[in-house]
Colleague: 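Quick one: the structure is below, and I'll ask about it shortly.
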Amino acid sequence: MSNTSKTVLITGATAGIGRMTALHLAKLGHHVIASGRKVAELAKLKTEAQGLGTLDTLVLDVTSKESIDAAVAAVTELTGGKGLDVLVNNAGFGVLGPTSEIDDAEMRRQYETNVFGLMAVTRAFLPQMRARRAGRIINVSSVGGRITLPFFGVYNSTKYAVESLSDALRYELRPFGIDVTLIEPGVIRTNFEATAVGNLSQFDATPYAGAVAKYEQMSKTADRFASNPIVIAKAIARAVNARRPAARYVAPRSTNFALLMSALLPTRVWDWAMRKVAFLNPKTLGVDGAALADATPAFPVTRVHGSPNAQPRASAN
Ligand SMILES: NC(=O)c1ccc[n+]([C@@H]2O[C@H](COP(=O)([O-])OP(=O)(O)OC[C@H]3O[C@@H](n4cnc5c(N)ncnc54)[C@H](OP(=O)(O)O)[C@@H]3O)[C@@H](O)[C@H]2O)c1
């Protein structure tokens, strides 16, 4: 291993972005500790990494305190007491559904992994980094941590939380020599989509059933626009290898277009586009269109920039 080789622990490395990142970083000469819940998948990953580089595996469920404590002990042993150079908080998932119809239990489940799990793992590995006055925390957020998509309100809100927590950690940990970086993937071909649409029948009895069904159909065809997870593995590698990493890495680059549009378009135009992509119209929702027409001005009412009607985007705050 070279002098620039770092010990990197990745959460959620049994699939998708985490798995690809584990193999990519091992290939680049880093000592990878790939963690996840599925023992069989970890074993397959270890076999695949043979001959590529150094890759250890570790069982870690980010929602379990016992599991996190055991992981810290195992990492301390694996690194001869030194601890991690880099922690990649990647474990996460989203469940698609109308925001008002997702119940508390489902909402909490996403927060437990994406927000509380990420923070618990971070807290557990920080003391060793702080003591060494060195370390790096890389949080896998999403472009959905900066723009909200219809039916992804709950998931997106977990990533907005990750963005905010990461910003605060970046200010607070820099004096200890610890960098905090966000990775903001666009649409990536992984198991994410299958998990997200796994239980859509739970919304069959809601007013959104028709729109959700159409959206699911559309998202299947949209899969061909999804990027290979190597794009994100490379962005994470840039964040691992940089002398001073950036605060945010957006990947693939085309994702910047969505961010730009969301910043430039007046709220009403953006909202219209969001309703359009998610089939949120009176017909699909079974709403009386004539009654609605009296209450809601038709698009477009807003003139573009400089218009006295233009309102600041609420999500930009
Ligand atoms: N794919 C996209 O389009 C996309 C876009 C933006 C952001 N992201 C983010 O990228 C990250 C990785 O997602 P992915 O696309 O690679 O999806 P994925 O293929 O479904 O992989 C998710 C990984 O997270 C793991 N995980 C879930 N809950 C866990 C827990 N409690 N403890 C430990 N591991 C857990 C999964 O393990 P199990 O197999 O055990 O469930 C799996 O290894 C997530 O944070 C996601 O929000 C993805």
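Both ligands and their constituent atoms are indexed starting at 1 by order of listing.
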Colleague: Does only the side chain of Thr14 get under 4.0 Å from ligand 1, or the backbone, or both, or neither? Count heavy atoms.
Modeller: both

Colleague: Decide whether Asp204 and Ser201 meet the rule of one side-chain donor and one side-chain acceptor closer than 3.5 Å.
Modeller: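 No donor-acceptor contact under 3.5 Å links the two side chains.
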
Colleague: Which ligand 1 atoms are under 4.0 Å away from a heavy-atom of Gly16?
Modeller: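 The list of qualifying atoms is 16 (O), 19 (O).
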
Colleague: Would you mind telling me if ligand 1 is within reach of the side chain of Lys159, the backbone, both or neither, using heavy atoms under 4.0 Å?
Modeller: side chain

Colleague: Using a 3.5 Å cut-off on N or O atoms only, is Val62 in polar contact with ligand 1?
Modeller: yes

Colleague: Whether Asp85 and Arg136 form a salt bridge (side-chain N of Lys/Arg under 4.0 Å from carboxylate O of Asp/Glu) is what I want to check.
Modeller: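 Between Asp85 and Arg136 there is no salt bridge, as every charged N stays at least 4.0 Å from the carboxylate O atoms.
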
Colleague: Can you name the nearest heavy-atom pair linking Val143 to Gly186, along with the distance?
Modeller: CG1-CA, 4.0 Å

Colleague: Taking non-hydrogen atoms only, is Asn90 closer than 4.0 angstrom to ligand 1 via side chain, backbone, both or neither?
Modeller: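 Looking at Asn90 and ligand 1, atoms from backbone and side chain both fall under 4.0 Å.
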
Colleague: Students should be able to answer this: which protein heavy-atom is nearest to atom 39 (O) of ligand 1, and at what distance?
Modeller: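 Result: Lys38 NZ, 2.8 Å.
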
Colleague: Among protein heavy atoms, which lies nearest atom 21 (O) of ligand 1, and at what distance?
Modeller: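 Its nearest protein heavy-atom neighbour is Ala15 CB, 3.9 Å.
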
Colleague: May I ask you to say whether Glu48 pairs ionically with Arg19, meaning some side-chain N is under 4.0 Å from a carboxylate O?
Modeller: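 Yes, this pair counts.
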
Colleague: If you count the atoms of ligand 1 from 1 in the order shown, which ones are under 4.0 Å from a heavy atom of Phe192?
Modeller: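 Close to Phe192: 1 (N), 15 (O), 17 (O), 18 (P), 19 (O), 20 (O), 47 (O).
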
Colleague: Do NZ/NE/NH1/NH2 and the carboxylate oxygens of Asp271 and Arg275 come within less than 4.0 Å?
Modeller: no

Colleague: Could you find the nearest protein heavy atom to atom 13 (O) of ligand 1 and give me its residue, atom name and distance?
Modeller: Gly92 O, 4.2 Å

Colleague: Among all the protein's non-hydrogen atoms, which is closest to atom 3 (O) of ligand 1, and how far away is it?
Modeller: Ile188 N, 2.8 Å

Colleague: What are the two closest heavy atoms between Pro185 and Ile17, and how far apart are they?
Modeller: CG-CD1, 4.3 Å

Colleague: Which of the atoms of ligand 1 are close to Asp61, meaning less than 4.0 Å from one of its heavy atoms?
Modeller: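 So the atoms of ligand 1 that pass are 30 (C), 31 (N), 32 (N).
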
Colleague: What I want to check is whether the side chains of Asp56 and His31 have a donor and an acceptor closer together than 3.5 Å.
Modeller: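 On atom types as modelled, these side chains qualify, holding a pair under 3.5 Å.
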
Colleague: Near Val187, which atoms of ligand 1 are under 4.0 Å from a heavy atom of that residue?
Modeller: 3 (O)

Colleague: Quick one: ring-ring contact (aromatic ring centres under 6.0 Å, His included) pairs with a partner in residues 189-218, sequence neighbours left out?
Modeller: Phe151-Tyr215, Tyr155-Phe192

Colleague: Check whether any N or O atom of Gly12, backbone or side chain, sits under 3.5 Å from an N or O atom of ligand 1, and answer yes or no.
Modeller: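 Checking ligand 1 against Gly12, an N or O pair does fall under 3.5 Å apart.
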
Colleague: How close does the nearest protein non-hydrogen atom get to atom 27 (C) of ligand 1, and which residue and atom is it?
Modeller: Arg37 NH2, 3.6 Å

Colleague: For ligand 1, is there an N or O atom under 3.5 Å from any N or O atom of Phe93?
Modeller: no

Colleague: Quick test: of every protein heavy atom, which one is nearest to atom 35 (C) of ligand 1, and how far off is it to 0.1 Å?
Modeller: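 Its nearest protein heavy-atom neighbour is Ala91 CB, 3.5 Å.
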
Colleague: Of the protein's non-hydrogen atoms, which lies at the shortest distance from atom 19 (O) of ligand 1, and what is that distance?
Modeller: Asn191 N, 3.1 Å

Colleague: Thr63 heavy atoms, cut-off 4.0 Å: which ligand 1 atoms fall inside?
Modeller: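 Close to Thr63: 31 (N).
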
Colleague: Give the single entry among Thr255, Val88, Thr190 that approaches atom 15 (O) of ligand 1 most closely by any heavy atom.
Modeller: Thr190

Colleague: Examine ligand 1 and decide if any of its atoms is less than 4.0 Å from a heavy atom belonging to Ser141.
Modeller: yes

Colleague: So, Asp103 and Arg108, do they make that salt bridge, N to O below 4.0 Å?
Modeller: no

Colleague: Would you say ligand 1 has an N or O under 3.5 Å from any N or O of Ile17?
Modeller: yes

Colleague: What protein heavy atom sits nearest atom 4 (C) of ligand 1, and how far off is it?
Modeller: Gly186 O, 3.9 Å

Colleague: Do Ser142 and ligand 1 have an N or O pair less than 3.5 Å apart?
Modeller: no

Colleague: Would one find an N or O of Tyr155, backbone or side chain, under 3.5 Å from an N or O of ligand 1?
Modeller: yes

Colleague: Where is the tightest heavy-atom contact between Ala34 and Leu42, given as atom of each residue plus distance?
Modeller: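 Here Ala34 and Leu42 meet closest at O-CD2, 3.7 Å.
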
Colleague: Tell me whether Ser262 contacts the main-chain N or O of Ile147 through its side chain, where contact means a donor paired with an acceptor under 3.5 Å.
Modeller: no

Colleague: Nearest 0.5 Å, please: how far is CD1 in Ile183 from OG in Ser141?
Modeller: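 The distance works out to 9.5 Å.
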
Colleague: One thing to verify: whether Arg174 and Asp179 come together as a salt bridge, which I'm taking to mean a side-chain N less than 4.0 angstrom from a carboxylate O.
Modeller: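 Yes.
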
Colleague: Does any donor atom in the side chain of His30 or Asn241 lie under 3.5 Å from an acceptor atom in the other side chain?
Modeller: yes

Colleague: When you measure from atom 33 (C) of ligand 1 to each heavy atom in Thr11, Leu60, Leu42, which option holds the nearest one?
Modeller: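 The option holding the nearest heavy atom is Leu60.
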
Colleague: State whether Lys44 and Glu41 are salt-bridged, where the test is any N-O pair (Lys NZ or Arg NE/NH1/NH2 against Asp/Glu carboxylate O) under 4.0 Å.
Modeller: yes

